[in-house]
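Here is the structure we will look at.
We count ligands from 1, going down the list as the structure has it; atoms in each ligand are counted the same way. Just so you know, these numbers use all the heavy atoms, side chains as well, and skip hydrogens, waters and symmetry mates.
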Amino acid sequence: MQFGRTTLSKFVIEQTRAQHGELGALLIDVAAAVKTISAMVAKGALAGHHGALDSTNVQGEVQKKLDVLTNEAILRHCEWGGQLAGMASEEMDDPYRIPEQYPRGRYLLVFDPLDGSSNSDVNVSVGTIFSIFARSTAGHAELDDYLRPGAEQLVAGYAIYGPSTMMVLTLGTGTHGFTLDRESGNFILTHADIRVPADTNEFAINTSNERFWEPPVQRYVTECKAGKTGVRGTDFNMRWIASMVAEVHRILMRGGIFMYPKDSKDPSKPGRLRLLYEANPMAMLIEQAGGAASTGRGRIVDVQPNALHQRVPVILGSKNEVERLERYHRDFDDGSDRPFVSPLFAERSLFRDEPRT
Ligand code: F6P
Ligand code: MN
């Protein structure tokens, strides 16, 4: 029985009264899309949705059937209501124009319909990430309307399709989690005002890329792995789910740090994750929960986008660890750090406060 509990609809309607219900109505449509996707994903192999298509998306990644179907689900649920000026997605090369038969509003919806989709074939949590901006006037959005720094986001959120389906949202006043009650079909507020602890002993990074990382990241991870015997003086634990939504969710629940830093694997890409519909919404959610989200050299939400599918380095989570990594980047950039040479690390304590040689 869920009487007396706060549903997502009640929460967003109360929080968005100042926008004359339009933003609330849009979020209710996003939640409807999420419920559709949750049902699709939960059917697993029974639905015949698994596997790859012949197509690739604009970033050259092989599209899965579910990538395309979940993209369609969001377009169809959100295009008709009259709140949107346009939509953009990881799965579409160009912004989506609201069809002429529907009215246009002033909001822009940007999303990754199924993040971590390679995990759906192996029954590991996947998610949907989204972000909402506003134009000053209603009408068709142009490309430039989407190229706004994350600091201008009005709403950011994700849905996680795991053992339970949850939606985690911020409208700029804290980060709040809602759990889908499958019997009633309602999202119920179960995690009000989530807080990320400032300290953590848990890091997440794809260490197979270690040789491509910049020295500050190599330094940080080497120190974590040295545990009690190194400069940190404490043991660290590592996790890598390869599903950003699941990693961010873990960090919101119990702290941690997630890194997909800049690397030299493909010099044309300044990171793996996309700024507009992966990094920015997660950065806003983490900051609103008291954590930090950085490129290593500044807040993610301050990056001025110059392309829809632009990539960015991502370091987010518990504040004190993110700040430590920013410090390591500064030390490296201003030369006050010596080049990181791993074999010398244990004997020479390269990073202790010793006189420089
Ligand atoms: O779309 C990006 C993504 O799937 C994230 O969800 C995840 O964190 C990352 O890529 C996984 O990267 P890798 O394949 O290097 O482990
Ligand atoms: Mn993604």
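- Annotation: ring pair (Phe, Tyr, Trp, His ring centres under 6.0 Å) contacts involving residues 146-175, sequence neighbours excluded, comprise Tyr158-His249.
- When the Mn ion (ligand 2) is compared with the N/O/S atoms of Asp112, atom OD2 turns out nearest.
- Listed as neighbours of ligand 1 are Asp115, Gly116, Asn206, Trp240, Ala242, Ser243, Met244, Phe258, Tyr260, Arg272, Leu273, Arg274, Glu278, each bearing a heavy atom under 4.0 Å from the ligand.
- For Glu278, the N/O/S atom at the shortest distance from the Mn ion (ligand 2) is named OE2.
- Panel note: side chain Thr200, backbone Gly256; a donor-acceptor pair is recorded below 3.5 Å.
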Show me, pair by pair, the donor-acceptor contacts under 3.5 angstrom made by side chains of residues 105-114, not counting sequence neighbours?
from	atom 1	to	atom 2	distance (Å)
Arg106	NH1	Arg135	O	2.9
Asp112	OD1	Leu114	N	3.4

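- Within the 3.5 Å criterion, the main-chain N or O of Asp193 finds a donor-acceptor partner in the side chain of His176.
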In a table with atom names and distances, give each donor-acceptor pair under 3.5 Å that connects a side chain of residues 298-306 to protein atoms at least two apart or in another chain.
from	atom 1	to	atom 2	distance (Å)
Arg299	NE	Glu287	OE2	3.0
Arg299	NH2	Glu287	OE1	2.7
Gln304	NE2	Leu147	O	3.0

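- The Mn ion (ligand 2) lies closest to atom OD1 when only the N/O/S atoms of Asp115 are considered.
- Asn186 and Thr7 are not linked by any side-chain donor-acceptor pair at a separation below 3.5 angstrom, with hydrogens and angles left out of the test.
- Without hydrogens or angle criteria, Arg104 side chain to Tyr102 main chain gives a donor-acceptor distance under 3.5 Å.
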